[in-house]
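Heavy atoms only: backbone and side chains are in, while hydrogens, waters and symmetry mates are out. Counting starts at 1 for both ligands and their atoms, following the listed order.
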Amino acid sequence: MKVPMVDMLAGYPPIKDEIEAAVKNVFDKAHFILGEDVTKFEKDFAAHNGAKYAIGVANGTDALRMAYIASGIKAGDEVITSPFTFIATSETISQIGAVPVFADIDPVNYTLDPKSVEKKITRKTKAIVPVHLYGMPADMDAIMAIAKKHNLIVIEDTAQAFTGKYKVNGGDWKYLGNIGTCGTFSFFPAKNLGAFGDGGAITTNDEKVYETLKQLRNHGSKVRYHHEMEGYNSRLDTVQAAVLGVRLKHVEKWTEMRNAVAAKYAEQLREVCTVPVVPANCRHSFNYYTIRFDSKAKRDNAQKHLTEVGIANQIYYPIALHLQEAYAHLGGKRGDLPNCDKVMDTVFSLPMYPELTDEQIKAVTDAVKASLK
Ligand SMILES: *Cc1c(COP(=O)(O)O)cnc(C)c1O
């Protein structure tokens, strides 16, 4: 049985009419840049997250870039982040003249290890960027405590974790992205809230940061042709905002469905490999479902076998950032971040989307088990 990694159309029929009406409405009004649909989506998205402000931008990469600038990260600053993420997290640090510093990850949840973060702090450190990888919340209590102690900015890369939640200091549940100064989101089609193209957003509770972000995404201007600073052309596309407005209403249900798929995977696989364990203070959004084997040979064999039988699979990420050619100048090598080295050699991501059927799940778990025989 063929199983794709994601199936963008599986959840489409029930909302097709609503989406087509929303898109047609944008065409009829011919208001294609910002406008009502973007403003409404920003309000709804902020409300969903319990954030004061949300700002729609062109993609999740620009969301990071502008969140870094608006929150006060400058050229020469050091920014501590995870080596086990997509390069968007770190390339945007370098591109504003700051320096990415990679700390090690936790061997169980694969997000930033707070103890390693603390060891990387220098006089130049300005910010910490935790990544809620695969939809699993980073250890935010410990990260926020370190940030407070050393007076550091925290930007949450929430590209894979919209609808994920964290129980802050054992108290209130907060949506991810709403704990640090800014949360950054991607609406790339395969993310939890996918657009029909590119899109992104930033949330914040800081009015000054919000005002700066609004300028940054629109050439540094609040009033047309008045530029208090230089900025970017990075607005959330109006057609995408209309699509996202419809999909937003369904996303919580989709996350419940993803969690149900994850539970079924875990039931079948926990005997044969390491499955994600969600701590009691976390809600996982399962953008990806990632298992881990006790050797690289087993992982590579699983990859070969699943591919042969038509089951899509992926390694997020086969080469950690500190070992990428793009960061050779930082001098990273194997052994510097031992947890990360071990994890990248043994993780393996399975198909994950809300509508996966029991038959598909069985085909996937049977194939994983067969690869181990
Ligand atoms: C997808 C992703 C991004 C970038 O988002 P785009 O919308 O593709 O620019 C950033 N960080 C992480 C962790 C991601 O998974």
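Between G60 and ligand 1, at least one pair of N/O atoms sits closer than 3.5 Å.
Nearest to atom 15 (O) of ligand 1 among the protein's heavy atoms is Q160 NE2, 2.8 Å. Summary of contacts: the protein heavy atom closest to atom 1 (C) of ligand 1 is K191 NZ, 1.5 Å.
Nearest-residue assignment for atom 9 (O) of ligand 1 (options T184, D62, T61; heavy-atom criterion): T61. Ranked by closest heavy atom to atom 3 (C) of ligand 1, the top entry among A159, A190, A201 is A159.
For CD of E325, the number of neighbouring non-hydrogen atoms (other residues, nucleotides, ligands) closer than 6.0 Å is 12 at most.
For the pair D62 and R65, the salt-bridge criterion is met [side-chain N within less than 4.0 Å of a carboxylate O].
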| Taking it one step at a time, do D358 and K264 satisfy side-chain contact (heavy atoms from CB on, under 4.5 Å)? | CA-CA 8 Å; D358 287 351; K264 289 174 189 170; 2.8 Å; yes

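Between the side chain of D77 and the backbone N or O of A98, no donor-acceptor pair lies under 3.5 Å.
A pairwise comparison of heavy atoms in R292 and C273 identifies O-CB, 3.4 Å as the closest pair. The two atoms that bring G183 and T158 nearest to each other are CA-OG1, 4.1 Å, heavy atoms only.
Using a 4.0 Å cut-off to heavy atoms of T85, the atoms of ligand 1 that qualify are 13 (C). When each atom of ligand 1 is checked for a heavy atom of D157 under 4.0 Å away, the hits are 10 (C), 11 (N), 12 (C), 13 (C).
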